[in-house]
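Report on the following structure.
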Protein chains: 2
Amino acid sequence: MKPSVGIRDVAQHAGVSNATVSNVLNRPDVVAPATRQRVLAAIEELGFVRNESARQLRAGRSRVIAYVVLDAANPFFTDVARGVEDAAREAGFSLFLCNSASDGSRERDYLELLHEQRVEGILITPVDTESAGFADRGTPVVLVDRETADGTRCSVAVDDVLGGELAVTHLIENGHTRIAMVGGPLSIQQVRDRREGAVRALTNAGLPADALTFLETRGLQVAEGRGAGERLVGLPSSRRPTAAFCANDLLALGLLQSMTQQGLRVPDDLAVVGYDDIEFAAAAAVPLTSVRQPREQLGRTATRLLLAEHEQDHEHRHVKFQPELVVRASTAVKRST
Amino acid sequence: MKPSVGIRDVAQHAGVSNATVSNVLNRPDVVAPATRQRVLAAIEELGFVRNESARQLRAGRSRVIAYVVLDAANPFFTDVARGVEDAAREAGFSLFLCNSASDGSRERDYLELLHEQRVEGILITPVDTESAGFADRGTPVVLVDRETADGTRCSVAVDDVLGGELAVTHLIENGHTRIAMVGGPLSIQQVRDRREGAVRALTNAGLPADALTFLETRGLQVAEGRGAGERLVGLPSSRRPTAAFCANDLLALGLLQSMTQQGLRVPDDLAVVGYDDIEFAAAAAVPLTSVRQPREQLGRTATRLLLAEHEQDHEHRHVKFQPELVVRASTAVKRST
DNA sequence: CTCAGCCGTTAAAACGTTTCAACATCGAGG
DNA sequence: CCTCGATGTTGAAACGTTTTAACGGCTGAG
């Protein structure tokens with residue numbers, strides 16, 4: 001079982017040289033049909049499995065790319081991953097998924113491992129954009145849903161400032177003048193950008209900056225959204241916002257649940273806008289208005305950029321998508337006063 | 001940039017032999033501190049990255065395991081994966097995630113690749129238990145959330161018959177006598193088992209078998225649940241069930257949404273029980289009663305079994321966990337008639 | 001002063017492929 | 001009959017590590 005049959009065992013068993021076996025494996029057309037059959041039979045009979053390490057060592061190629069994802073439990077990222085996987089598959093590559101779970105040290109470990117594995121390329125949504133944690137180590141790296149400060153690598157992102165603006169403008173148009181924004185921590189670029197967009201929407205509408213109540217959370221999970229909901233309801237009713245813009249759908253779902261539990265109705269007592277438009281947003285009991293990002297496309301595009309890095313004349317590119325507001329029941333028009 | 005610095009470049013640069021560099025990398029304690037520093041400096045300076053292919057080829061070891069997951073978009077599996085990852089990390093292994101997306105051909109491709117990569121072991125929730133698609137190829141394989149017909153490999157599973165029984169018994173105790181079961185396709189073992197459990201619950205309670213209306217779906221997604229909801233409401237009210245047991249939480253969430261949209265209340269008009277107890281179940285606007293599986297533990301246990309396969313006297317083991325009913329608002333006690 | 005023993009270092013042999021130049025074999029064209 | 005090109009096959013040299021046994025220099029005991 002363990003004596004690990006190699007290419008030379010196959011060769012001997014088929015009465016040919018190892019070079020021929022290799023040819024059968026890599027350029028089947030170059031070897032005569034008869035011999036090919038004989039070799040294939042031998043492979044089958046001996047249960048030969050090609051040793052990828054040796055192959056890669058010699059050939060240099062790898063046929064594998066990796067996506068280091070920020071949070072595998074967030075459907076947003078699994079959707080991006082689907083796009084990556086599809087594009088990779090079309091190009092003949094396989095995809096290894098690695099979950100950093102927002103943990104810098106895991107991220108570092110995985111990057112190290114992937115570099116050592118000599119994968120053809122790495123896609124990553126990094127924990128922290130600033131951290132120069134991942135220096136150039138020869139393996140192409142493309143940032144997903146993040147922008148590079150410097151232009152040292154390709155990136156694919158979505159205009160989060162615009163997204164925030166769309167969301168809050170929609171709320172203002174629906175008659176809201178006291179609006180909460182839920183999200184955090186502020187160390188995350190996305191959260192900062194989306195808040196900036198929200199503020200811009202207020203300014204555009206001629207509303208004062210303090211029309212926006214910022215409720216900072218410690219993360220972007222459902223539980224954090226629930227907590228924010230309790231804080232929100234605890235505010236004196238004169239100052240309590242009539243609408244909330246959440247930095248992501250998980251928060252929005254938590255907020256929604258919190259409202260229901262406290263006997264408040266969405267959108268009547270509080271309108272809610274989420275961000276990402278994950279499937280659960282549409283499937284919530286009160287379907288969520290949300291800012292849609294082109295998730296699969298994000299993944300596909302990132303993958304294409306990554307695979308293009310091998311071209312000799314490669315220039316780093318930065319693609320930026322436009323988000324889109326999807327209106328649902330959670331912000332149904334407020335009854336006119 | 002491309003001239004790929006190797007161990008011998010480092011050696012030369014530090015004025016030692018390549019064996020010493022290798023020792024610094026693998027047994028730092030055996031080399032004199034002074035030389036070690038010199039070598040480390042050279043590594044840093046040249047930006048050396050160890051070539052894992054060569055290492056693995058020579059050393060035989062791999063430090064990587066893989067989990068081929070059935071559906072990366074289902075939170076149930078990402079939770080299992082978390083358990084796997086934690087256990088792997090503790091044992092000093094890294095985890096590669098592969099998503100078969102319920103597609104047999106993808107699954108086959110990934111298995112082939114992983115065997116060729118000579119990963120230390122493979123965890124898999126297979127698309128189809130019957131398919132002998134993955135023969136023994138020398139790499140240990142452990143089944144997750146599935147049982148083996150034959151005892152040829154380890155497996156970790158949950159008692160799905162019991163789970164179905166728990167769910168439906170709970171509904172019966174709440175006074176329901178017309179119950180729907182939503183799930184499918186029946187080619188999935190889990191669905192069959194859970195239905196069997198449901199039937200058993202009816203029998204135990206002395207109810208006729210036709211008290212259970214089986215609504216078969218084409219898959220286990222949210223959208224399928226919505227569709228089932230419409231079918232359910234379309235039934236003549238005399239025969240319409242007052243409670244539904246869904247084969248997984250995604251279906252239950254879809255069903256829930258469908259009810260709300262059609263103006264029916266949960267649990268008053270229809271009680272709903274899901275399965276898996278994913279986070280979104282508790283976070284739904286009407287928190288879902290669900291059958292909880294020990295997800296992280298499933299992953300952890302499977303990983304331990306996998307890593308134990310290398311022991312010389314290894315015997316294949318089959319671990320089976322008990323599920324647990326978590327009661328929430330979606331099945332709040334029916335008002336006594 | 002010699003010798004055993006220890007320590008740190010090294011030369012060289014693997015590991016299992018791919019690849020390349022060279023080599024047979026054969027039929028056809030001159 | 002010789003040469004040529006095409007077609008299939010092969011021997012041997014890489015690829016970049018790890019590993020083993022051997023080596024030289026030093027120390028302290030005899």
Side-chain angles (χ1 to χ4, degrees), chain A residues 2-40 42-43 46-64 112-113 115-119 137-139, chain B residues 2-40 42-43 46-64 112-113 115-119 137-139:
Chain A
K2 273 278 124 185
S4 152
V5 13
I7 213 177
R8 30 199 356 136
D9 301 298
V10 175
Q12 188 176 355
H13 196 266
V16 298
S17 83
N18 31 0
T20 299
V21 177
S22 177
N23 280 335
V24 169
L25 259 33
N26 303 303
R27 304 183 219 59
D29 45 302
V30 91
V31 46
T35 0
R36 195 192 315 157
Q37 285 311 323
R38 208 147 26 97
V39 171
L40 287 175
I43 287 179
L46 299 179
F48 165 76
V49 179
R50 182 219 255 106
N51 184 327
E52 177 68 20
S53 301
R55 166 193 172 80
Q56 188 173 322
L57 173 59
R58 175 61 232 227
R61 284 173 254 114
S62 144
R63 308 271 84 182
V64 172
E112 184 69 25
L113 178 66
H115 277 117
E116 292 185 352
Q117 290 268 8
R118 298 290 193 274
V119 295
R137 298 268 239 349
T139 306
Chain B
K2 274 276 126 185
S4 151
V5 14
I7 212 176
R8 31 198 355 134
D9 302 299
V10 175
Q12 189 175 354
H13 196 267
V16 296
S17 83
N18 29 359
T20 299
V21 177
S22 176
N23 280 334
V24 169
L25 259 34
N26 304 302
R27 303 183 218 63
D29 45 303
V30 92
V31 44
T35 359
R36 195 193 316 157
Q37 285 311 324
R38 206 147 27 99
V39 171
L40 288 176
I43 287 178
L46 299 179
F48 165 77
V49 179
R50 184 220 254 104
N51 184 326
E52 177 67 21
S53 301
R55 166 194 172 79
Q56 189 173 322
L57 173 58
R58 175 61 233 229
R61 286 174 252 116
S62 144
R63 310 270 82 185
V64 172
E112 184 68 23
L113 178 66
H115 277 118
E116 292 184 350
Q117 290 268 7
R118 300 289 194 274
V119 295
R137 294 268 238 351
T139 305

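Reminder, nothing fancy here: chain letters follow the sequence lines and each chain counts from 1.
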Please check: side-chain N/O of [X] versus main-chain N/O of [Y], any donor-acceptor pairing under 3.5 Å?
X	Y	value
B/R36	B/V24	no
B/N26	B/S22	yes
A/R8	A/N18	no

Exercise. Identify the two heavy atoms, one from B/A42 and one from B/A14, that lie closest to each other, and give their separation to 0.1 Å.
Key: CB-CB, 3.9 Å
Between [atom2] of [N] and [atom1] of [X], the distance in whole Å:
X	N	atom1	atom2	answer
A/N18	D/dA12	CG	P	11 Å
A/N23	C/dA21	CG	P	14 Å
A/Q12	D/dT10	CD	C1'	15 Å
A/N26	C/dT17	CG	C1'	9 Å
A/R58	D/dC15	CZ	P	7 Å
B/E116	C/dT17	CD	C1'	12 Å
A/E52	D/dC15	CD	P	19 Å
A/R61	C/dT19	CZ	C1'	10 Å

Quiz item: Which comes earlier along DNA chain C counting from the 5' end, the contact point of B/A54 or that of B/R36, where each point is its nearest nucleotide?
Solution: B/R36
Quiz item: Nearest nucleotide by nearest heavy atom, which residue falls closer to the 5' end of DNA chain C, A/Q56 or B/R38?
Solution: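 That would be B/R38.
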Kindly point out which of [options] is positioned nearest to the side chain of [X]?
X	options	result
A/A19	D/dT10, D/dG8, C/dT18	D/dT10
B/I7	D/dT18, D/dG11, D/dC15	D/dT18
B/N51	D/dT17, C/dG16, D/dT9	D/dT17
B/A59	D/dT18, D/dG16, D/dG11	D/dT18
B/A32	D/dT17, C/dG8, C/dG16	C/dG8
B/F48	D/dT17, D/dT10, C/dA11	D/dT17
A/S22	C/dT18, C/dA11, D/dT18	C/dT18

Contact between [X] and [Y] at the side-chain level, heavy atoms closer than 4.5 Å - yes or no?
X	Y	answer
B/E116	A/N51	no
B/Q56	B/R118	yes
A/Q117	B/V64	yes
A/V39	A/F48	no

Quiz item: Does a nitrogen or oxygen in the side chain of A/T20 sit under 4.0 Å from OP1 or OP2 of D/dT9?
Solution: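 A/T20 to D/dT9 OP1/OP2: no side-chain N or O under 4.0 Å.
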Quiz item: So, is A/S17 close to the D/dT9 phosphate, meaning a side-chain N or O under 4.0 Å from OP1 or OP2?
Solution: no
Exercise. Determine whether more than 12 heavy atoms belonging to other residues, nucleotides or ligands lie under 6.0 Å from atom CD of B/E112.
Key: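 Check passes, neighbour count above 12.
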How is [X] classified with respect to the nucleic acid when contacts are heavy atoms under 4.0 Å: base, sugar-phosphate, or nothing?
X	value
A/R27	sugar-phosphate
A/R118	nothing
A/R8	base
A/S53	nothing

Quiz item: Starting at the 5' end of DNA chain D, which residue's closest nucleotide do you reach first, B/R55 or A/V31?
Solution: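 On the 5' side of the pair lies A/V31.
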Quiz item: What does the inter-axis angle of the helix from C/dC1-D/dG30 to C/dG30-D/dC1 come out as, five pairs per end, nearest 10 degrees?
Solution: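 Answer rounded to 10°: the end axes differ by 60°.
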